[in-house]
Amino acid sequence: METCRKLDKEPADNNLNLQNIPYPARPMFKAPEGKIIVSADFSQIEPRVLAHMSSDPDLQRPYLTGGDLYVESAVKVYGERYNMQYEQFLEADDSTWRERGLPKHPRKMFKQGLLATMYETSGFGLSSMLDISKEDGEQFIDDFHHNFPAAYQYAKDSIAFVDTHGYCLTMGGRKRRFPEYNYTDKRSGKPVTVPRHTVLAKQYHALTAKAERILGRPVGNIWQEKDLPYSLRSELGNVSSLYNKNVRQIVNARTQGSAAEIMKIAMIRLYNLIKQKGSEWKLIATIHDEVLLEVPEDTTAEEFAEIEGCMIHAVKLDIPLKIDIAVMKRWSEDVALEDWLEKGYGCFNSEGWKM
């Protein structure tokens, strides 16, 4: 790709991180004459991996029936409570949710909050993310756990496994370990050594059980449990803070790690395809779940289908993978593949900007 060159004499940075290039700057990357840039992006790869690994039927159903995961999740949780029908949960309807007293558009809430909830965020964390109250954040989490019990059980089982073994496994069998680690306490400025997760888990569960015996019920916000001795509150508060920091990474590590494995397999398959096609085809970058290719402008519909096939057949899941393909002359100035196949360069002006 042609890029703007620096005018000064500073050495080039050979370790560029493409995902951090701001969107307004991306169009400066332009395909050479006779070439186009193709973006092939896994659609909702993390929710799909989560639906597969948890075997939750309600997470899987939209992907098996061609539905919308976020809309169907919102309908399942809020439909009866707010007397709303499927169409009223679509983003095209921006009034019904306001009239019914929902804190935010429910589809947008689930799009932002679904993975965060599965990754064991707190009600406070979710409230900051969704711009809702802490109480609404906690209610969102409770509702999700109640309506997606298999996914919730998957998360609990994943945490229990790490509590015992000190590591979790991705779909491909790779380990994410939780060993002891060191950090500097922000309040005191002193170095702290945190024990490996299995030791931390034993401390956490022992202290929690002790607190529950005293209270005769589950522990709420530890700092507000005035019936507990201050020494126990202090010890459990510190241990639970460290323990929950690990817990919030467990399902995330399994899901993101598995999605990364799928991407690596897809890249290998694309590399083999490119070798068959010759030097005119290049794999130029990956950004999260997206691959950027440089291919000849006369690439056929059948060849685009080969690109798609390399990715959707990277692994076999209980639900289908989906790929979104876009074409551009300048990076981020993209048009849908269907438009490119119909209009060709009519999609862009002479400088490569999208029309």
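Ion pair Glu212/Arg217 not flagged as a salt bridge, since none of the NZ, NE, NH1 or NH2 atoms sits closer than 4.0 Å to an Asp/Glu carboxylate oxygen. Ion pairing between Lys329 and Glu333 fails under the 4.0 Å rule for side-chain N and carboxylate O. Lys277 has a carboxylate O that lies under 4.0 Å from a charged side-chain N of Glu306, or vice versa, which qualifies the two as a salt bridge.
Geometrically, Lys156 engages Tyr152 in a cation-pi contact defined by less than 6.0 Å to the ring centre and at most 45° from the axis. Taking the ring axis of Phe178 as reference, the NZ or CZ atom of Arg176 stays within 45° of it and closer than 6.0 Å to the ring centre.
Not one N or O on the side chain of Asp136 forms a donor-acceptor pair closer than 3.5 Å with the backbone of Ile132. Side chain of Asn244 to main chain of Val247: no donor-acceptor pair is present (N/O by atom type, distance under 3.5 Å, no hydrogens or angles).
By the side chain to side chain contact (heavy atoms under 4.5 Å, CB included) test, Asn221 pairs with Trp223, Gln224, sequence neighbours left out.
Side-chain atoms of Trp331 and Asp334 include no donor-acceptor pair closer than 3.5 Å.
Aromatic ring centres of Tyr78 and Phe89 lie farther apart than the 6.0 Å criterion allows. Between Tyr243 and Tyr204, the distance from one ring center to the other falls under 6.0 angstrom.
Using cut-offs of 30° and 60° on the angle between ring planes, the pair Phe144 and Phe140 is parallel.
Within a 6.0 Å sphere centred on OH of Tyr86, other residues, nucleotides and ligands contribute more than 12 heavy atoms.
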